[in-house]
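Working notes for the structure below.
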Amino acid sequence: MEDKLFKNTLALVNRLYGYYMRIKEIHWINTNGTVHDLMDNLGSQLNGKIDEIMEIVLSKFGRECLEYQSILPDIIICNNPEDLIGMMNEDLVKYRKVIPEDEEYVGLKSKINNMIADININTYRSKLS
């Protein structure tokens, strides 16, 4: 179970870094000030949250579990901010389901729940633009 969680965490982090790259691209290209600011805010939040997730998981499994070149961002094909946010939300919800219910994983589950809440706020904001 724990090996599966570690592998799923790496897969999630690679997806999130892929989203981060796409968010920055949308941010740089977009001339709509609201979307530009939304993507900037989302990118800043995401980068910090990725680090927090990995620190929690590495504190549980040990840094020796992570090998060089394990972090290879996925290529995310999407240029619509609302769709991108929806895809990210789906990935986070899917990941949350693989987190064990044990007390020792409450912090990780809380981080993911906070990310989902942040994504939902950004989804709402994206619909306003």
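The minimum heavy-atom distance linking G18 with P73 is given by the pair N-CB, 3.9 Å. Residues C78 and D83 share a closest heavy-atom pair of SG-CB, 3.7 Å. Between S70 and N14, the closest heavy-atom pair is O-ND2, 3.1 Å. When all heavy atoms of G107 and I56 are compared, the closest pair comes out as O-CD1, 4.0 Å. I99 and K109 make their closest contact through O-NZ, 3.8 Å (heavy atoms, listed as atom of the first residue, atom of the second, distance).
Distance check, rounded to the nearest 0.5 Å: CD of E67 to CG of L10 gives 9.5 Å. The CD1 atom of I77 sits 6.0 Å away from the CZ atom of R22 when rounded to the nearest 0.5 Å. Residue S59 holds its OG atom at 10.0 Å from CD of E104, rounded to the nearest 0.5 Å. Note that CE of M21 and CD1 of I76 are 8.5 Å apart. Values are rounded to the nearest 0.5 Å. Atom CG of D37 is separated from atom CG of L42 by 12.5 Å, given to the nearest 0.5 angstrom. Summarising the geometry, atom OH belonging to Y20 is positioned 12.0 Å from atom CD belonging to Q45; distances are rounded to the nearest 0.5 Å.
By the 4.0 Å N-to-carboxylate-O rule, R15 lies too far from E90 to be salt-bridged with it.
Side chains of Y19 and D91: a donor-acceptor N/O pair is present below 3.5 angstrom, by distance only.
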- Query: Do L66 and M54 pass the side chain to side chain contact (heavy atoms under 4.5 Å, CB included) test, and can you show the C-alpha distance, the side-chain angles, and the key distance before you say yes or no?
  - Reply: CA-CA 10 Å; L66 186 65; M54 280 305 293; 4.2 Å; yes
- Message: Set out, in order, the CA-CA distance, both residues' side-chain angles and the distance that settles side chain to side chain contact (heavy atoms under 4.5 Å, CB included) for L108 and L5, then state yes or no.
- Response: CA-CA 11 Å; L108 179 60; L5 178 62; 4.3 Å; yes
- Query: Could you go step by step and tell me if T31 and H36 meet the side chain to side chain contact (heavy atoms under 4.5 Å, CB included) rule?
  - Reply: CA-CA 7 Å; T31 57; H36 181 87; over 6 Å; no
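The number of heavy-atom neighbours closer than 6.0 Å to CG of N79, taken from other residues, nucleotides and ligands shown, is 12 or below.
Applying the salt bridge (Lys or Arg N to Asp or Glu O under 4.0 Å) test between E55 and each of R63, K49, K111 identifies R63 as the sole match.
Side-chain contact between L12 and I112 is present, with at least one heavy-atom pair separated by less than 4.5 Å. A heavy-atom distance below 4.5 Å is not found between the side chains of Y95 and V13.
No chain of hydrophobic side-chain contacts below 4.5 Å, direct or via other Ile, Leu, Val, Met, Phe, Trp or Tyr residues, connects I26 to I29. A chain of hydrophobic side-chain contacts below 4.5 Å, direct or via other Ile, Leu, Val, Met, Phe, Trp or Tyr residues, connects M88 to V98.
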